[in-house]
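Since this is a predicted model, take the numbers as computed values, not measurements. Every heavy atom of this structure was used, including side-chain atoms; hydrogens, water molecules and symmetry mates were not. FYI, the numbering just counts along the sequence from 1.
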Amino acid sequence: MNIRPVKTGIFNEGDDLVAFILRHVKDVPEQSVIVVTSKIVALSERRTVPFTDIESKEKLIRAESEYAVRTKHVWLTIKDGMLGASAGIDESNADGRMILLPKDSFESARILREELCREYGVRDLGILISDSRTIPLRAGVIGIATGYAGFLGIRDYRGKRDLFGRTLEYSRTDIADSLATAATLVMGEGDECQPLGLIDGAPVEFCDQIDPAELHIDIEDDMFTPLFSDISLFRPTETNEADVSNDI
């Protein structure tokens, strides 16, 4: 598998994302995966809010979250079924604004794939929208797929046998997040200005339709839930999304 980060200029809010990709990625072979950071997808959708003060930011975090709880350093949130910090709202490389996650990363990936397949003249093309996350008890960030299209996001080994004939009961490989992590490693997190990546030779199964819920685990069934048993996660009902929608 080869991953090539793509150096670009600065992507500005409201820029045409398809035109931006076509300008910087000239050749896309069949069975490639294009990685696009969630930040430039959000910028293309004008999903930003000016930063004014901490109180307004916290109100926005609660409005963007399904669950949220304040921790020592950040708000720990669940957004789009994923655990993360501050509902994915980011101020880095944002020039004084707060950049939200795309409204629907899976739908954004689907639309991008449709348009880019036509522009590049390919059939088997994956689109992966990436973000970064920390994981419990580990320093630093890894990549995560906020949305994807064109390939199956998980490889299921359940019911198959291991080397010694034992039937596997739980084993699955998270393809989408694994690709996002590999791409994050080479694309960078600072001033590299590499918001695009091109992966070829990825061990994925390309397809036209995917299930956005294929990686999802209900919080009641997650193996890490007992670690948070003493934290009262709450629905942010005191803040309505409509209260901030006029700024987005």
Side-chain angles (χ1 to χ4, degrees), residues 10-15 17 20 36-109 129-147 177 180-181 184 187-195 216 219 222 224-225 227-228 230-248:
I10 293 175
F11 187 93
N12 295 305
E13 185 171 1
D15 282 354
L17 183 54
F20 181 81
V36 187
T37 61
S38 63
K39 183 167 290 182
I40 66 170
V41 176
L43 284 170
S44 74
E45 297 174 355
R46 298 187 182 276
R47 291 272 292 166
T48 74
V49 176
F51 178 82
T52 54
D53 52 58
I54 294 298
E55 290 76 15
S56 296
K57 180 179 180 179
E58 292 185 350
K59 180 180 179 182
L60 181 62
I61 289 169
R62 294 194 300 271
E64 284 287 304
S65 303
E66 297 149 29
Y67 296 87
V69 62
R70 192 195 299 273
T71 69
K72 180 179 179 181
H73 299 293
V74 297
W75 282 83
L76 181 65
T77 60
I78 297 177
K79 164 76 172 172
D80 298 335
M82 296 177 290
L83 188 68
S86 304
I89 296 170
D90 194 359
E91 295 173 62
S92 64
N93 292 320
D95 196 23
R97 298 181 72 82
M98 297 181 290
I99 303 178
L100 286 64
L101 288 177
K103 186 172 181 63
D104 183 338
S105 290
F106 280 94
E107 179 63 9
S108 298
I129 298 177
S130 69
D131 196 11
S132 55
R133 291 286 192 278
T134 57
I135 57 176
L137 306 181
R138 286 292 190 180
V141 299
I142 61 171
I144 191 170
T146 62
D177 291 331
T181 292
T184 296
M187 290 163 66
E189 286 287 306
D191 64 355
E192 294 89 349
C193 201
Q194 296 177 156
H216 178 72
I219 191 169
D222 193 278
F224 293 106
T225 297
L227 292 177
F228 303 101
D230 293 331
I231 297 178
S232 177
L233 293 176
F234 62 90
R235 288 188 182 277
T237 52
E238 71 274 20
T239 303
N240 190 292
E241 188 170 356
D243 295 337
V244 296
S245 62
N246 290 334
D247 294 324
I248 300 176

State the [atom1]-[atom2] distance between [X] and [Y], to the nearest 0.5 angstrom.
{"X": "Leu100", "Y": "Asp90", "atom1": "CG", "atom2": "CG", "value": "10.0 Å"}
{"X": "Glu45", "Y": "Ser105", "atom1": "CD", "atom2": "OG", "value": "7.5 Å"}
{"X": "Met82", "Y": "His216", "atom1": "CE", "atom2": "NE2", "value": "11.0 Å"}
{"X": "Leu76", "Y": "Ile61", "atom1": "CG", "atom2": "CD1", "value": "11.0 Å"}
{"X": "Ser108", "Y": "Arg47", "atom1": "OG", "atom2": "CZ", "value": "9.5 Å"}
{"X": "Ile10", "Y": "Ile40", "atom1": "CD1", "atom2": "CD1", "value": "12.5 Å"}

Would you say [X] and [Y] make side-chain contact, with heavy atoms under 4.5 Å?
{"X": "Leu43", "Y": "Thr48", "answer": "yes"}
{"X": "Glu66", "Y": "Asp80", "answer": "yes"}
{"X": "Arg62", "Y": "Trp75", "answer": "yes"}
{"X": "Pro195", "Y": "Phe20", "answer": "yes"}

Verify, without hydrogens or angle tests, whether [X] (side chain) and [Y] (backbone) share a donor-acceptor contact under 3.5 angstrom.
{"X": "Ser65", "Y": "Ile78", "answer": "no"}
{"X": "Glu64", "Y": "Ile89", "answer": "no"}
{"X": "Asp177", "Y": "Ala145", "answer": "yes"}
{"X": "Asn12", "Y": "Asp15", "answer": "no"}

How about CG on Asp95, more than 12 heavy atoms from neighbouring residues, nucleotides or ligands closer than 6.0 Å, or not?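 Atom CG in Asp95 is not packed in, count stays at 12 or less.
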
Might you point out which heavy atoms bring [X] and [Y] nearest each other, and give the distance in Å?
{"X": "Arg133", "Y": "Leu101", "value": "NH2-CD1, 4.1 Å"}
{"X": "Glu189", "Y": "Ser132", "value": "OE1-OG, 3.2 Å"}
{"X": "Thr77", "Y": "Ser86", "value": "OG1-N, 3.7 Å"}
{"X": "Ile129", "Y": "Ser38", "value": "CG2-CA, 3.6 Å"}
{"X": "Ala180", "Y": "Ser130", "value": "CB-CB, 4.3 Å"}

Apply side-chain contact (heavy atoms from CB on, under 4.5 Å) to the pair Leu17 and Val41, showing each step before the final yes or no. CA-CA 7 Å; Leu17 183 54; Val41 176; 3.9 Å; yes

